[in-house]
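Reckoned from all heavy atoms, side chains included, excluding hydrogens, waters and symmetry mates.
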Amino acid sequence: MKIIFQILLAISLAWFWLSAEDRVTRALRILNNNTDKPLRKKILFAFSSDEDIQVQAITLLRELECSKEDRNKKNICGSILFHFENGLGSELHVTEGFDNIVQISKRISTSKDLGGNAAQMALRAFKEGGDVYLSAIMSNHYYENLFNSSISIIPQSFLREEIRDVHIVINFDEGDIYDTIICQHTNRLYLQNDQDNMKFPGLENLEANINSINPDLLVIGGFQLMNQKPKKEYQEIILKLEQILIEQKNKLKIHFEMGAFNDENLLLYLIEHIFPHVHSTGMNEQELQLLYNFITKKQLEQQQIDTNQQLKLIIKLFKELSLERVHFHSQTIQMICSNHNWREIKPALHRSILVGLIQAMKSFNDNQIDDKYLNVTHLQMALEEEDLILYPSDTVLKQDYLIQEMNFCWHLQDQLQHQCCLAPVVINPHPMRTCGLGDNIGSTSLLYQLK
């Protein structure tokens, strides 16, 4: 009897793993067979670029001689430990001791690479076939080796020997332990002391450049770099940008890329002066919660929420901000809502998921065209809930059905005729990096949806 039970158990386990493997294989086939191509459109990206130095949190904490006693202190150790323990991503401006952290990070770094919202999104758009214009500081090295000297840097004077602004990207994984402190969620923390990016290079000539280039899309981001800065330092920049957006809104599409904000005054100013003039935005699960909770409760509240709560918040936020389009991406799903002013969602969604998978398995940026992903080893597909509840109709969508079809779309029945499409993400539980994934995912879907 015991032998029969063991045989049945073995068969059951074999069936389970075969089933799981088949789901991944089928998903990759669907993603790889996406034959739709984006239209070649002019896209202008502004304003941020930097050089990212990647480090592991545990290694840096050890080098800085941090301990659990620092957890509640207002110093760099306390800040890193707070984000490490709670698995929170953020962008912190650090002045005191930053040069020392940079020197330590260069010594223990796992990689050094091009970073910044504008630069990362421009690189992805270039690789996907877009006609790319970048208004951000760029080094000759990255321009030649990543962009093949093939995109337009505007103004030309932004092409320089080096990018001065350095970001320390501190990576931590769920389950990591430092001095008995356990990390609750995989994420990353950015430390920066930017000089060039804080001036929002390119803003001064942005309107003239738009009128000269006539882009189909303007992508703006990097505002999280002004977290905790005095209002007088960002007020003039945001008000000047607002006037440009008001002037250009009916001539081109405008996309705002969200970031990890921890400054209530800054976020409120952006909601009042920038969001009313953009057509599209993109964000991850943390940024979704922060933005929605701030709009509805006027506080930067963040807590772990499940997928059904995320689906509900996306559409509520979408309507609250009167947007044409939003792209949401988490560790398990991607979702795009857009109206008839944008191209079909499904090809954009599928290409974005594939690009995210490919990019996560690269330790650094390159200039290679990312075509297909064929290795199914270690890949997973799993949602948190068996049943997904689609807001506002409360339609029940089975997890197995969504994974089988790799897409489900529904209409919101609103005046602007918005459609939402949802797809599960193919997950690699051991990515080589997560930094810049949101920029790559967001840029891809924009390119594929531009009319």
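Taking the charged nitrogens against the carboxylate oxygens, Arg23 and Asp400 do have a contact shorter than 4.0 Å, which makes a salt bridge. A salt bridge links Arg107 with Glu63: the closest approach of a Lys/Arg side-chain nitrogen to an acidic carboxylate oxygen falls below 4.0 angstrom. A salt bridge links Asp366 with Lys127; the closest basic N to acidic carboxylate O contact falls under 4.0 Å. The residues Glu324 and Lys253 are annotated as salt-bridged, a charged nitrogen and a carboxylate oxygen being separated by less than 4.0 angstrom.
Using a 4.5 Å cut-off on side-chain heavy atoms (C-beta onward), Leu311 and Tyr391 make no contact. Under the 4.5 Å side-chain criterion, counting only non-hydrogen atoms from C-beta, Val102 is in contact with Ile168.
Using the six-membered ring where Trp is involved, Phe172 and Phe84 have ring planes that are perpendicular, over 60° apart on the 30 and 60° scheme.
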>> Set out, in order, the CA-CA distance, both residues' side-chain angles and the distance that settles salt bridge (charged side-chain N to carboxylate O under 4.0 Å, His left out) for Asp370 and Lys362, then state yes or no.
In response: CA-CA 11 Å; Asp370 299 318; Lys362 293 185 176 185; 2.4 Å; yes
>> One pair to check against salt bridge (charged side-chain N to carboxylate O under 4.0 Å, His left out): Glu386 and Lys398. What are the steps and the verdict?
In response: CA-CA 6 Å; Glu386 284 295 326; Lys398 294 291 184 182; over 6 Å; no
>> Does Cys420 form a disulfide (SG to SG under 2.5 Å) with Cys409? I'd like the steps, not just the answer.
In response: CA-CA 5 Å; Cys420 294; Cys409 300; over 6 Å; no
>> Using the rule given for side-chain contact (heavy atoms from CB on, under 4.5 Å), can you reason through Ile58 versus Asp176, listing the C-alpha separation, both sets of side-chain angles and the distance that settles it, and then say yes or no?
In response: CA-CA 8 Å; Ile58 292 175; Asp176 281 355; 3.9 Å; yes
> For Phe200 and Tyr234, what are the C-alpha separation, side-chain angles and deciding distance, and is it a ring pair (Phe, Tyr, Trp, His ring centres under 6.0 Å)?
Replying inline: CA-CA 10 Å; Phe200 273 62; Tyr234 59 74; 9.9 Å; no
> salt bridge (charged side-chain N to carboxylate O under 4.0 Å, His left out) between Arg164 and Glu51: does it pass, once the steps are laid out?
Replying inline: CA-CA 8 Å; Arg164 290 194 305 168; Glu51 187 159 70; over 6 Å; no
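For Ser109 (side chain) and Gln54 (main-chain N/O), a donor-acceptor pair under 3.5 Å exists by modelled atom type. With Glu384 contributing its side chain and Thr307 its backbone, the two residues share a donor-acceptor pair below 3.5 Å. Listed for the Asn227 side chain is no donor-acceptor partner under 3.5 Å among the backbone atoms of Leu92. In terms of modelled atom types and a separation under 3.5 Å, the side chain of Ser443 and the main chain of Arg124 share no donor-acceptor contact.
Remark: the Glu161 side chain and the Asn140 side chain contain an N/O donor-acceptor pair separated by less than 3.5 Å. Judged purely by distance below 3.5 Å, without hydrogens or angles, the side chains of Gln228 and Asn262 pair a donor atom with an acceptor atom. Using modelled atom types, one finds no donor on one side chain facing an acceptor on the other under 3.5 Å when comparing Arg188 with Ser90. With 3.5 Å as the limit, one finds no donor-acceptor pair spanning the side chains of Glu174 and Thr186. Using a 3.5 Å distance cut-off with no hydrogens or angles, the side chains of Gln224 and Asp263 do not pair a donor with an acceptor.
Checked options Asp52, Asp113, Asp173; the residue passing with Arg433 is Asp113 (criterion: salt bridge (Lys or Arg N to Asp or Glu O under 4.0 Å)). When each of His329, Gln331, Gln359 is checked for a side-chain contact (heavy atoms from CB on, under 4.5 Å) with Leu437, only Gln359 meets the rule.
Judged as a ring-ring contact (aromatic ring centres under 6.0 Å, His included), and not counting sequence neighbours, His167 has no contacts.
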